[in-house]
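Letters go in sequence order (proteins before strands), and every chain restarts at 1.
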Amino acid sequence: MADVTVPQAAPAPDLSVRIGSATLRAPVIAASGCYNKGDEFGRLTDVGRYGAITLKSITRYPRLGNDMPRLAMTPAGLLNAIGLQGPGLDHFLHHVAPALQDVPTAVIASAAGFSVDEFVTVAAALDGLPNVVAIELDVSCPNVEREGRCFAADAASLAQVVAAVKQRVRLPVIPKLMPNVTDIRPIARAAQDAGADAISLINAVRGLVIDVERAQPVLANAAGGLTGPAIRPIAVHAVWEAAQVVTIPIIGMGGIAEGTDALEFLFAGATAVAIGTANFRRPDVHLRVLEAIEREMFRRGCRRVGELTGLANPGFAGPRPAAGL
Amino acid sequence: MADVTVPQAAPAPDLSVRIGSATLRAPVIAASGCYNKGDEFGRLTDVGRYGAITLKSITRYPRLGNDMPRLAMTPAGLLNAIGLQGPGLDHFLHHVAPALQDVPTAVIASAAGFSVDEFVTVAAALDGLPNVVAIELDVSCPNVEREGRCFAADAASLAQVVAAVKQRVRLPVIPKLMPNVTDIRPIARAAQDAGADAISLINAVRGLVIDVERAQPVLANAAGGLTGPAIRPIAVHAVWEAAQVVTIPIIGMGGIAEGTDALEFLFAGATAVAIGTANFRRPDVHLRVLEAIEREMFRRGCRRVGELTGLANPGFAGPRPAAGL
Amino acid sequence: MSQSGPYLEPATLVRREFLPPGFWYLTLRAPQIAAAAKSAQFVALDLPGTFMVRLPLGIYTVQDDTFSLLFQEWGERTRRLASLAEGTAVSCIGPLGNSFRLPEERTTRATLVAGGLGVAAMWLLARELHNAGMDATILLGARSANLLVGMRELQIFGFPLDVCTDDGSSGFRGTVIQRLQALAPPGVLYGCGPPGMLRALCAYANDHGITCEVSLEETFGCSLGTCWGCVVPVRRGCPQGTGYPRAESETRSFDVARVCADGTVFRAADLVWQT
Amino acid sequence: MSQSGPYLEPATLVRREFLPPGFWYLTLRAPQIAAAAKSAQFVALDLPGTFMVRLPLGIYTVQDDTFSLLFQEWGERTRRLASLAEGTAVSCIGPLGNSFRLPEERTTRATLVAGGLGVAAMWLLARELHNAGMDATILLGARSANLLVGMRELQIFGFPLDVCTDDGSSGFRGTVIQRLQALAPPGVLYGCGPPGMLRALCAYANDHGITCEVSLEETFGCSLGTCWGCVVPVRRGCPQGTGYPRAESETRSFDVARVCADGTVFRAADLVWQT
Ligand SMILES: Cc1cc2nc3c(=O)[nH]c(=O)nc-3n(C[C@H](O)[C@H](O)[C@H](O)COP(=O)(O)OP(=O)(O)OC[C@H]3O[C@@H](n4cnc5c(N)ncnc54)[C@H](O)[C@@H]3O)c2cc1C
Ligand SMILES: Cc1cc2nc3c(=O)[nH]c(=O)nc-3n(C[C@H](O)[C@H](O)[C@H](O)COP(=O)(O)OP(=O)(O)OC[C@H]3O[C@@H](n4cnc5c(N)ncnc54)[C@H](O)[C@@H]3O)c2cc1C
Ligand SMILES: Cc1cc2nc3c(=O)[nH]c(=O)nc-3n(C[C@H](O)[C@H](O)[C@H](O)COP(=O)(O)O)c2cc1C
Ligand SMILES: Cc1cc2nc3c(=O)[nH]c(=O)nc-3n(C[C@H](O)[C@H](O)[C@H](O)COP(=O)(O)O)c2cc1C
Ligand code: FES
Ligand code: FES
């Protein structure tokens, strides 16, 4: 009744981001191949606060994967050659997919394939599974030998896959680009032009480690994919360049291990980030990164996390949300 | 007179390697851009034991280089954007070149350029300078903006430069390839087919680091070249792949910081190795690496260091020296 | 996921002991992990430095709210661990992995076969057998006497310790497998140690129709079962295997299982040893 | 290359002292470096860990076969250095860089201006002036009293210490430049400190026609002059600059010089301050 000024609590920061038609509750995602459905991390973190978890890439047919060893430590990095091990699409749909409804956050399903048809078949089957809000296309896995180049290695074949998948899938489609290309820009641009709703980058960088004692590669597969902080400058650069030529959201990843690392990606032009390798060391890394992002929003007076996107990149081509709204 | 068996000393291991018509006394070289003429390291190491030192790349015209900062530390790596600072060819010939005769080992001169003509002019002028035994072509420096791609980014323009330089230069010509290509093999092959006497790989990997505090790239140039142990698996992989398609010698580099690192490159297929960044931490790294190579030769009973080349690479295409000769 | 872990728990290094010629025995305080630990389980340690993956080490002994580790300095991570000062806290995840299964019949005579540091998996098993009132023999093997570790702690259960050294410098001269062949066949076998030894042990057990479980090691990434970096080949149909259908193009006749999450303990009858 | 170094010498940490609120004063034994050190020179330290480049730090004081460092924990390398135990040996390269030049006239009155940790470059200079029987005033500036460091060691030469703090919590309230402007112009100026302060100092000196030398900092790579990672713009014709000819396309009107090898000391009249 009396005219009292009630001190207003600052409105909670808005951490949500949009990836095509999907809205994620936060801009921090578990990267493909490092998380299964998240059960194993259950007690060690709080998956419910993640923006999404990305499933390990699913192939049309079952794959036993590569021989052992599949992993090697490198300076500030990890080299892996798992070889897309997985149950194949049918087994996945029957035995794994039903449990997706128990995942406490959004799920991004990842499709991998060795032909356009395989991609379309797998992606179409994943469209509409419980909790799945988007389909990532692993067009870049460097571990698997294909005749000729990977799909992500040239703009034309990438565009072909993306366009074909888009025709059959209603959920947002997110091709995941690989860093082993001469110029990421035409590839990123081709993805957008073919209808991609967002792009993920980067996948692992090709590498090889030799066991000098045995005079043999450490990995049974010889070459593998390099991940972890060692590749972070390469990944930030890729996001920086892609963000100057596409207007769709970018999911940045590669070597994020703490909050400032994630901010580098956002400032370079990513809308969200994903974390893979660092989970192996710190199962709660996603939460730490989320908190660092919140602190940065507070420090800069941002209400929506999207205001951080592209902040350091003068050529950022994406939409810049008006600050402070 | 009496019939006495004199115990024979084991013959000294032969560390020398051939790069085209040049013979280096040892397979360990100082990488371009990290060593000037070696004077600064005079007291801290023994340059006389190196196989060679590579000069900083020389351009046709003087260059002030990029603004500061030019350096940033990264996990197990270093990002640099020097911007090919240098006096230009004429000044170099008059004021620096005469002192090359005091360098206590062989010199590899490095030519950089922005057109085929510039490469030919610079390389031809370096041919025949005192102590210079080979000409490296920096067709890959990632720091300098060129119209379109770098020469090392596609096989055709690389072949053009190499062929043009070969016509005017008698010393061995060594194009230095860059890792930022979709497939190193056709590029390496094109270098050989155009007459290259050897190839160097890899140059720095493109990267970018953002200063989160200032929301700006750390380097004034934004992007830079990533070097140091972080990129070693990438470099070893590049050597591994190139060694399967060329028969000319490969000078391997990228992240070598100790003996076993150098052995990885030799085993992958390199004839010699070069070291850049690690000198900043350990000025005597070349000597340590040399000693490790000698120990490995002893351990494996090799007389000539060439016997180590390609040992771990079943597809090694180069000449395999008969062991134990 | 079981209710008894894994926990993400800071473990305080309360005691470090160097065991010549090159082993370390560390005691860490971590109440949740100590309370939950069962035989053959391991912890994954996050060490200071730029290591991308945690170091997996078997839980050796458990006492009150502490557990111990027994290890050798192999490479950078074990070297770093050995260098930590008492009082330091190390982030641990554990206990991880499955455990040895005790025989259903109380009267079954168990033989525990440990090669070298494989002994690290045996103390908790010995305690479990002891608590169950069962009888057991422990075979310990090493290249030579000075490389025998773990006897001090294992003795307390009163089980006979049968020592074998390759060079005869202590106990039986020969491998634990040769020793085993010289003894009456046991009712059940448990093994941990280097791959060559385990392979021979499994062959022995399979030949003689003896139930045998072994705890394996591999290069680990996540230690939790999510990265598929640590698989071993297992017999098709093995309940620990993936049980995937087979692609037509697949020429390999086995399934695979994750050592970290499906193991580390596997039945000898289920393992496929590749050449 | 001069005969007095640089040396690659293991330096033993003989004493570490924490100076609240956040500074460290370390004493290291390294006879060759200690014997050769001159004003404004620095050492480059190789710290344990995965750092790609050595940490450059000014040589603060020298006594017998030891020298000292005065620094703040900025990032990973300074943190690592501060964490080393007494008795540890650290690989050092030094002394590196050029030095301040003493005035030719013995009667010239020198003023030494140090901002914050810039004081680290001043002790050896003060000693050199003292040994030459010259007169000097030392101006020390910091944001507030508790951030003033180095006075204890500088006092021993008997030169007047004139303290300035931004907040007036000790001595003159204001910057060292404001203080300078309030005093009679000195015969020669020497400066070390943050870039803003040095820029103002150079402007003051140039305006008043006073000879002035300043010691600069930059991000270093090699610390030896080979990587060209640490350049600053200098007036064309400056003897420390590259002296390259100019490309026609070059729009910048200065030369550059390497702070590590051509400096760290430059004449105020030679420096070009970019906006
Ligand atoms: C579940 C599990 C439990 C383990 N428990 C123990 C334990 O209780 N005690 C213990 O000492 N170790 C144990 N290990 C092995 C231990 O994890 C490895 O030794 C570890 O990889 C060493 O890490 P590092 O960084 O020190 O050496 P790395 O850098 O990983 O290896 C250095 C070198 O040593 C070799 N090497 C590493 N481990 C071994 C090994 N076990 N045998 C022979 N050569 C090896 C490597 O091939 C490499 O050449 C266990 C491993 C697993 C998976
Ligand atoms: C010739 C020379 C002499 C030096 N002498 C001294 C000395 O005697 N005492 C001393 O304390 N420092 C001195 N420095 C500065 C010291 O080398 C840097 O502080 C060093 O880079 C810190 O390394 P780091 O790995 O700890 O931090 P970094 O990881 O390199 O930096 C961490 C953060 O701190 C900031 N930062 C680093 N240094 C400074 C600085 N000097 N001022 C403000 N912000 C900074 C960086 O921008 C970065 O954001 C000297 C530098 C040079 C080139
Ligand atoms: C063990 C492992 C398995 C991976 N499997 C996949 C995969 O199946 N599909 C995929 O798109 N990316 C896969 N990746 C790549 C990651 O999703 C991510 O792009 C990469 O690791 C870079 O991020 P990071 O440095 O945070 O790990 C895998 C990475 C690792 C380490
Ligand atoms: C500061 C710096 C400057 C460099 N300048 C050149 C150059 O002028 N020309 C060139 O061909 N390579 C240059 N390089 C690349 C190195 O020669 C080498 O290829 C690369 O650093 C990888 O090796 P490393 O990891 O041992 O440093 C430079 C590298 C660094 C770190
Ligand atoms: S280590 Fe990752 S699945 Fe076993
Ligand atoms: S730091 Fe390398 S030239 Fe100065």
For D:Leu47, is it the side chain, the backbone, both, or neither that has a heavy atom closer than 4.5 Å to a heavy atom of chain B?
backbone
Which of the residues D:Cys230, D:Gly243, D:Gly75 is involved in the greatest number of heavy-atom pairs with chain B at under 4.5 angstrom?
D:Cys230
Considering only heavy atoms, which portion of D:Glu218 lies under 4.5 Å from any heavy atom of chain B: side chain, backbone, both, or neither?
side chain
Residue selection (most heavy-atom pairs with chain D, distance under 4.5 Å) from B:Gly86, B:Gly65, B:Ala257
B:Gly86
Given the options B:Thr45, B:Leu78, B:Leu64, which has more heavy-atom pairs under 4.5 Å with chain D than any of the others?
B:Leu64
Over 60° means perpendicular and under 30° means parallel, so classify the ring planes of D:Tyr190 and D:Phe100, tilted if in between.
perpendicular
Among side-chain atoms of B:His286 and B:Asp46, is any donor-acceptor pair under 3.5 angstrom?
no
Less than 4.5 Å to any heavy atom of chain D: does that hold for the side chain of B:Lys56, its backbone, both, or neither?
side chain
Contacting moiety of D:Glu248, where chain B heavy atoms sit under 4.5 Å
neither
May I ask you to name which of B:Lys37, B:Arg60, B:Arg70 has the most heavy-atom pairs under 4.5 Å with chain D?
B:Arg70
With no hydrogens and no angle check, do the side chains of B:Asp117 and B:Ser115 hold a donor and an acceptor under 3.5 Å apart?
no
Counting heavy-atom pairs under 4.5 Å with chain D, which one of B:Pro283, B:Pro87, B:Ala278, B:Pro229 comes out on top?
B:Pro87
Can you tell which part of B:Asp67 gets under 4.5 Å to a heavy atom of chain D, answering side chain, backbone, both or neither?
both
Pairs touching residues 240-274 of chain D that satisfy ring-ring contact (aromatic ring centres under 6.0 Å, His included), sequence neighbours left out
none
Among the options B:Gly228, B:Gly88, B:Gly33, B:Pro69, pick out the one with the most heavy-atom pairs lying under 4.5 Å from chain D.
B:Gly33
What pairs of residues pass the ring-ring contact (aromatic ring centres under 6.0 Å, His included) test when at least one of them lies in residues 62-104 of chain B, not counting sequence neighbours?
B:His91-B:His95
Tell me whether the NZ or CZ atom of D:Arg258 lies within the 45° cone about the ring axis of D:Trp228 and under 6.0 Å from its centre.
yes
Stepwise, does the salt bridge (charged side-chain N to carboxylate O under 4.0 Å, His left out) test hold for B:Glu291 with B:Arg49?
CA-CA 11 Å; B:Glu291 283 150 20; B:Arg49 288 174 58 197; 3.4 Å; yes
In terms of heavy-atom pairs under 4.5 Å with chain B, the winner among D:Pro245, D:Gly225, D:Gly221 is D:Pro245
Are side-chain N/O atoms of B:Ser32 and B:Thr54 paired as donor and acceptor at under 3.5 Å?
no
If you tally heavy-atom pairs under 4.5 Å between each of D:Val231, D:Asp255, D:Thr219, D:Leu224 and chain B, the highest tally belongs to D:Val231
Working note: D:Tyr60 + D:Phe71, criterion ring pair (Phe, Tyr, Trp, His ring centres under 6.0 Å); need CA distance, chi angles, decisive distance, verdict.
CA-CA 10 Å; D:Tyr60 182 41; D:Phe71 66 97; over 10 Å; no
